[in-house]
Asker: 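Got a structure here, written out as structure tokens. Questions coming.
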Amino acid sequence: MSQDRASPASTVSLEELSSWPEELCRRELSSVLPRLLISLTHANSWIEHIQLLKIIVEMFLPHMNHLTLEKTFFSQVLPKTMKLFDDMMYELTSQAKELSSQNLEIQSTLRNILQTMVQILGALTGCVQHVCATQESIVLENIHSLPSSVLHVIKSTFVHCKNSESIYSGRLHLVSDLLQALFKEAYSLQKQLMELLDMVGLDLLVDENDDILNMVIGE
């Protein structure tokens, strides 16, 4: 029976997946999630990556075992997502000098990058919200990749926004709306992260030299 169900699930398109009802997502989790994770790992574009990430977070994360989230999801997906975010940040910074009201191609490229970054922050917020909502107490080792990845992208976003005047110079107005959206999403994510860390017994679970603890205290 399980093989009968797994067969269509293994070939279903992302468009079909996005319309699956909750019960079907829960039932087919074990057969669909590995394929989604492989596809995300080998995603050829930023758009494909965020599309897969949003499907996993919004449709399948609610049905995962919270005790195995780190092994089955966070450790596999978040490092690549963090690198993707860094790559996009590099593209923004390196191409910002070419931005002008006349150069519509660069303007479109930078705005698309910013929109994708907003979506990544939104997906990470969904991850943090899920953990906070489903667990009364949180063992850090069960979600270790999540706070470290979230802290990284929050810090990167705040630094970029802080330096936006010099990065974009007199052309800031061409992307200011999306920079504001990016900042708001990062601020919302920071608030969610603080809620998450409040639920973690750091003194019992973390070594004094732990990177996450140091970053939190450093902030």
Asker: Answer whether the closest heavy-atom distance between the side chains of Gln76 and Thr41 falls below 4.5 Å.
Answerer: no
Asker: Rounded to the nearest 0.5 Å, how far does OG of Ser101 lie from NE2 of His173?
Answerer: 6.0 Å
Asker: Does any N or O in the side chain of Arg26 come within less than 3.5 Å of the main-chain N or O of Pro62, such that one atom is a donor and the other an acceptor?
Answerer: no
Asker: Can you check whether Leu196 reaches Ile143 side chain to side chain, under 4.5 Å on heavy atoms?
Answerer: yes
Asker: So Met88 and Ile120, do their side chains get closer than 4.5 Å, heavy atoms only?
Answerer: yes
Asker: Checking side chain to side chain contact (heavy atoms under 4.5 Å, CB included) for the pair Leu174/Arg111: CA distance, chi angles, key distance, verdict?
Answerer: CA-CA 9 Å; Leu174 296 174; Arg111 290 184 65 84; 6.0 Å; no
Asker: Is there a path of hydrophobic side-chain contacts, each under 4.5 Å between heavy atoms, that joins Leu124 and Met194?
Answerer: yes
Asker: Between atom CG of Leu24 and atom CG of Leu29, what is the distance when rounded to the nearest 0.5 Å?
Answerer: 11.0 Å
Asker: Let me confirm one number: the SG-CG distance from Cys25 to Leu61, rounded to the nearest 0.5 Å.
Answerer: 11.5 Å
Asker: Which pair of heavy atoms, one from Phe73 and one from Met64, lies closest together, and at what distance?
Answerer: CB-SD, 3.9 Å
Asker: Please determine whether side chain to side chain contact (heavy atoms under 4.5 Å, CB included) holds for the pair His63 and Glu22, giving the CA-CA distance in whole Å, both sets of side-chain angles, and the decisive distance to 0.1 Å.
Answerer: CA-CA 9 Å; His63 309 293; Glu22 183 177 348; 3.4 Å; yes
Asker: Should Val153 and Val159 be counted in the same cluster of Ile, Leu, Val, Met, Phe, Trp and Tyr side chains packed under 4.5 Å apart?
Answerer: no
Asker: Any chain of hydrophobic side-chain contacts (each under 4.5 Å) joining Leu14 to Ile56?
Answerer: yes
Asker: How many angstroms lie between atom CG of Leu178 and atom CD of Glu185, to the nearest 0.5 angstrom?
Answerer: 12.0 Å
Asker: Which heavy atom in Thr157 sits nearest to a heavy atom in Ala186, and how many Å separate them?
Answerer: CG2-CB, 3.6 Å
Asker: How long is the span from the OG1 atom in Thr109 to the CG atom in Leu114, to the nearest 0.5 Å?
Answerer: 11.0 Å
Asker: With His130, which residues qualify under ring pair (Phe, Tyr, Trp, His ring centres under 6.0 Å), at least two apart?
Answerer: none
Asker: Kindly say whether Ser13 contributes a backbone atom to a donor-acceptor pair with the side chain of Glu16 at under 3.5 angstrom?
Answerer: yes
Asker: Side chains of Asn142 and Phe74, heavy atoms from C-beta outward: is any pair under 4.5 Å?
Answerer: no
Asker: Which heavy atom of Ser164 sits nearest to which heavy atom of Leu179, and what is that distance?
Answerer: CB-CD1, 3.9 Å
Asker: Which is it for Lys162 and Phe158 under the side chain to side chain contact (heavy atoms under 4.5 Å, CB included) test, yes or no, and what are the steps along the way?
Answerer: CA-CA 6 Å; Lys162 179 181 178 180; Phe158 286 164; over 6 Å; no
Asker: Test your reading of the model: is there a side-chain donor-acceptor pair from Ser108 to the backbone of Leu104, 3.5 Å cut-off?
Answerer: no
Asker: So do Gln115 and Asn112 actually touch side chain to side chain, heavy atoms under 4.5 Å?
Answerer: yes
Asker: Please answer whether the main-chain N or O of Lys184 pairs with a side-chain N or O of Ser188 as donor and acceptor at a distance below 3.5 Å.
Answerer: no
Asker: I'd like to check Ile50 versus Leu53 (side-chain heavy atoms, cut-off strictly below 4.5 Å). Are they in contact?
Answerer: yes
Asker: In this structure, would Leu151 and Met199 fall into the same cluster of hydrophobic residues linked by side-chain contacts under 4.5 Å?
Answerer: yes
Asker: Between His66 and Val131, does the side chain to side chain contact (heavy atoms under 4.5 Å, CB included) criterion hold? Intermediate values first, please.
Answerer: CA-CA 8 Å; His66 70 272; Val131 172; over 6 Å; no
Asker: For the atom pair OG (Ser39) and CG (Asn44), what is the distance rounded to the nearest 0.5 Å?
Answerer: 10.0 Å
Asker: Is the shortest side-chain heavy-atom distance between Leu17 and Phe60 below 4.5 Å?
Answerer: yes
Asker: Testing the basics here: between Ala123 and Val57, what is the closest heavy-atom pair and its distance to 0.1 Å?
Answerer: O-CG1, 3.7 Å
Asker: How close do His144 and Pro147 get, counting heavy atoms only, and between which atoms?
Answerer: O-CD, 3.5 Å
Asker: With hydrophobic residues grouped by side-chain heavy-atom distances under 4.5 Å, do Leu69 and Leu67 end up in a single group?
Answerer: no
Asker: For Asp87, check side chain to side chain donor-acceptor pair (under 3.5 Å) against everything at least two apart and list the hits.
Answerer: Lys83
Asker: Heavy-atom distance under 4.5 Å between the side chains of Leu92 and Tyr168, does that happen here?
Answerer: yes
Asker: When you measure from the side chain of Ser94 to the backbone of Glu91, do you find a donor-acceptor pair of N or O atoms at a distance under 3.5 Å?
Answerer: yes
Asker: If you measure only the distance, is there a donor-acceptor pair under 3.5 Å linking the side chains of Glu70 and Ser145?
Answerer: yes
Asker: Shortest non-hydrogen contact from Gln107 to Leu99?
Answerer: CA-CD1, 3.6 Å
Asker: Are Phe85 and His49 close enough that their ring centers fall under 6.0 Å?
Answerer: no
Asker: Just by distance, do the side chain of Ser100 and the backbone of Asn103 share a donor-acceptor pair under 3.5 Å?
Answerer: yes
